[in-house]
Amino acid sequence: MPVTGTRTVYLQTFGCQMNELDSELVRGQLAALGYSFTPDADAADVVLYNTCSVREQAENKVLSRVGKIGIRKREGARVVLGLIGCLAEREGTALLRRFPQIDLLCGPGELDRLPMLIDNALKTETVEAADRVALAGNRSRRTATLAAAADNLELLDLSRAFDPDGGGSGGSGGTGGPRRSAYVRITRGCNKFCTYCVVPFTRGAEVHRPPDAIVLECRRLADGGVVEITLLGQTVNHYLYTHGVAMGVNGQEVPQVGPGGSAFTRSGGPRGANGRRVTTFADLLGRIHEEVPSLQRLRFVTCYTRDFGDDILRVMRDCPRICRYLHVPVQSGSDRILRLMNRGYTSGEYLEFIDRARDLLPDVSIAGDVIVGFPTETEHDFGQTADLLGRVRFKNNFIFKYSPRPGTTAWDRLPDDVPTDVKRRRNNDLLALQAGISAAVHAEQVGRTVEVFVEGVSRKGASRAAGRVELGWERPRGRIQMSGRTAGDLITVFDLPQDGKPEMLQGRIVPVRVLRASALVLFGRLEAATLPPAKQPAAVHRARPSSGITQLEIS
Ligand code: 5AD
Ligand code: SF4
């Protein structure tokens with residue numbers, strides 16, 4: 001039996017939205033067992049880092065914290081230190097040898113076993129190494145069918161669906177207020193094997209959740225007051241569930257292994273599966289829109305250019321509460337580099353997709369990811385990426401310097417031959433180019449009234465320049481500024497009216513007149529003549545730093 005009581009946990013999350021959602025599930029699971037959470041790592045009985053492995057820098061951030069806890073432990077502090085997530089899975093037990101202060105490791109595919117690991121670590125310090133780790137290794141890929149059928153993680157996702165009023169995701173302390181924006185996973189893992197990426201190794205084979213479970217989870221969240229849901233998957237448009245293949249003991253459909261790109265025709269539409277009924281991503285979006293009418297916004301990330309059919313674009317066009325926002329990483333504008341990355345499309349095909357999307361959804365807002373300094377990238381290749389940015393006119397781009405990752409094909413076969421200073425320069429050049437494009441895209445909104453989902457009071461820190469790129473965002477003294485996002489994911493700030501309270505607006509969608517714009521932010525004025533009544537006051541929390549802002553931090 002797990003130890004229950006008043007043990008306190010500090011949980012810090014690094015990395016992507018999947019990690020944020022995982023942390024939320026961990027939080028719910030541990031809270032149900034009687035653990036409480038603290039925002040102070042020094043005051044906690046258990047310190048958990050939910051780690052990211054996608055770039056070396058992300059790993060180093062965690063490892064420096066691990067080092068600090070090692071010092072505390074050598075000075076006599078009694079604290080259980082656990083690493084969960086992708087770094088734990090990627091490095092495995094080697095981490096325990098390198099950092100003896102780590103008490104437990106738990107991969108992202110084994111999170112249902114975390115309470116048992118914590119329990120073991122709290123009970124005894126001499127617990128066997130085998131009882132301190134829960135890692136998938138490459139088991140999940142070798143036995144993907146079994147892994148999907150006996151998917152304990154599904155229980156974790158489902159148990160969360162029963163608690164829509166739990167604390168918000170991410171962060172270390174939890175806000176305690178009802179959630180207004182939530183993530184819902186539709187697939188786990190990835191079958192793509194881009195040559196630079198660790199995700200297929202750390203999160204395992206692609207597994208697709210049953211549509212009924214997803215719709216039910218969305219409905220419960222919306223019933224609990226959630227206004228906006230973001231569906232999560234590494235390549236969401238690959239979602240494809242074949243019905244009638246496998247049922248659980250209770251007669252419910254169970255998660256199943258994803259077919260990946262092989263199930264899609266070149267033009268994007270999925271193939272039928274031996275005459276069986278399938279639910280495609282477009283079907284899933286349509287179902288959620290139809291069956292959860294109280295949900296005001298539905299989003300999804302991340303898209304994969306190839307296999308993105310017009311059926312999805314048409315559902316987006318026809319369903320007004322589906323946000324016209326696409327996050328479609330391009331990674332490079334050079335066909336040679338795209339081939340080396342194993343991306344499976346050319347820059348021309350990427351542009352065709354963008355044109356197709358804009359034909360059907362003229363007001364669609366598009367964000368991307370780009371890697372600079374991939375092995376063998378020349379100035380010519382880089383120039384092609386810069387040209388593509390100009391063509392696409394992304395509203396923002398997440399720009400990364402290539403970071404070689406052990407275990408990936410690129411690590412094994414392609415020497416990291418672009419010097420660090422060249423990577424840095426290309427990174428800064430693209431950031432500057434994108435800042436100009438983003439400024440123009442944002443400026444188009446000036447004079448319009450936009451619907452803003454209010455996330456919270458804008459962060460004071462955001463008024464400073466991020467890196468060397470000016471945000472042009474100074475919070476006037478003595479006034480409270482609220483921050484939120486448009487349906488197209490444009491960050492919007494506006495002053496709270498004199499007679500207003502933040503909780504009257506937080507978690508609501510309000511009309512804002514856009515007065516001016518910078519590269520990252522729209523500045524506006526609340527249109528409503530009167531403030532809406534505070535029906536269900538939510539705990540006020542600071543808006544999380546926008547991903548756009550973090551990307552502009554120049555290292
Ligand atoms: N180096 C740099 N960037 C990477 N990404 C993934 N792996 C690496 C790597 N090894 C970026 C890609 C991906 C985003 C989540 O992270 O752009 O889309
Ligand atoms: Fe990584 Fe490629 Fe999968 Fe994205 S699609 S998670 S970049 S392997």
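Both counts, for ligands and for their atoms, begin at 1 and track the order of listing. These numbers come from the heavy atoms of this one structure, side chains and all, not from hydrogens, waters or symmetry mates.
Not a single heavy atom of Tyr304 sits less than 4.0 Å from an atom of ligand 2. Remark: distances from the non-hydrogen atoms of Arg343 to ligand 2 include one below 4.0 Å.
The closest protein non-hydrogen atom to atom 2 (C) of ligand 1 is Lys401 O, 3.3 Å. When only non-hydrogen protein atoms are considered, atom 8 (S) of ligand 2 lies nearest to Cys194 N, 3.4 Å. Taking atom 7 (S) of ligand 2 as the reference point, the nearest protein heavy-atom neighbour is Tyr196 OH, 3.4 Å. In terms of protein heavy-atom proximity, atom 1 (Fe) of ligand 2 is closest to Cys197 SG, 2.3 Å. Scanning the protein for heavy atoms near atom 14 (C) of ligand 1, the closest one is Asp369 OD2, 3.4 Å. Summary of contacts: the protein heavy atom closest to atom 1 (N) of ligand 1 is Ser403 N, 3.0 Å.
Heavy-atom contacts of Tyr402 reach the following atoms of ligand 1: 1 (N), 2 (C) (cutoff under 4.0 Å). Atoms of ligand 1 lying under 4.0 Å from at least one heavy atom of Arg55, given by number and element, are 1 (N), 2 (C), 3 (N), 4 (C), 5 (N), 11 (C), 16 (O). Numbered from 1 in the order shown, with element, the atoms of ligand 2 that lie under 4.0 Å from a heavy atom of Phe193 read 8 (S). Listed by number with element, the atoms of ligand 2 under 4.0 Å from a non-hydrogen atom of Thr235 are 5 (S). Annotation for ligand 1: atoms under 4.0 Å from non-hydrogen atoms of Val54 are 6 (C), 7 (N), 8 (C), 9 (C), 10 (N). Numbered from 1 in the order shown, with element, the atoms of ligand 2 that lie under 4.0 Å from a heavy atom of Pro200 read 8 (S). Counting atoms of ligand 1 from 1 in the listed order, those under 4.0 Å from a heavy atom of Arg405 are 10 (N).
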Passes side chain to side chain donor-acceptor pair (under 3.5 Å), Ser332 versus Arg343? Steps please.
CA-CA 10 Å; Ser332 173; Arg343 287 295 288 177; over 6 Å; no
Please evaluate residues Thr409 and Asp412 with respect to the criterion side chain to side chain donor-acceptor pair (under 3.5 Å), reporting the C-alpha separation (whole Å), side-chain torsions for both, the decisive distance (0.1 Å), and the verdict.
CA-CA 5 Å; Thr409 307; Asp412 289 340; 5.9 Å; no
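Here Tyr196 has heavy atoms under 4.0 Å from ligand 1 in both its backbone and its side chain. Heavy atoms of Thr302 found under 4.0 angstrom from ligand 2: none, in either backbone or side chain. Residue Gln331 touches ligand 1 through its side chain alone, judged by heavy-atom distances below 4.0 Å.
Applying ring pair (Phe, Tyr, Trp, His ring centres under 6.0 Å) to Tyr402 and the options Tyr196, Phe374, Trp411 leaves one that passes, Phe374. Among Tyr239, Phe300, Tyr241, the one residue that satisfies the ring pair (Phe, Tyr, Trp, His ring centres under 6.0 Å) test with Phe281 is Phe300.
For Glu56, the CD atom counts as loosely surrounded, since its 6.0 Å shell holds 12 or fewer non-hydrogen atoms of other residues, nucleotides or ligands.
Using a 3.5 Å distance cut-off with no hydrogens or angles, the side chains of Gln12 and Arg65 do pair a donor with an acceptor.
A salt bridge is absent between Arg485 and Glu228; no separation between the charged side-chain nitrogens and carboxylate oxygens falls under 4.0 Å. Between Asp212 and Arg287 there is a salt bridge, with a side-chain nitrogen of the basic residue lying less than 4.0 Å from a carboxylate oxygen of the acidic one. Between Arg425 and Glu379 there is a salt bridge, since at least one side-chain N of the basic residue sits less than 4.0 Å from a carboxylate O of the acidic one.
Cation-pi contact between Arg297 and Phe453: absent, since separation from the ring centre below 6.0 Å together with deviation from the ring axis within 45° is not met. Cation-pi geometry between Arg299 and Tyr325 is met: the NZ or CZ atom falls under 6.0 Å from the ring centre, inside 45° of the normal.
In summary, Cys190 places an N/O/S atom under 2.8 Å from atom 3 (Fe) of ligand 2, meeting the contact criterion.
The aromatic rings of Tyr350 and Phe353 stand perpendicular to each other, their planes meeting at an angle above 60°, with 30° marking the opposite boundary.
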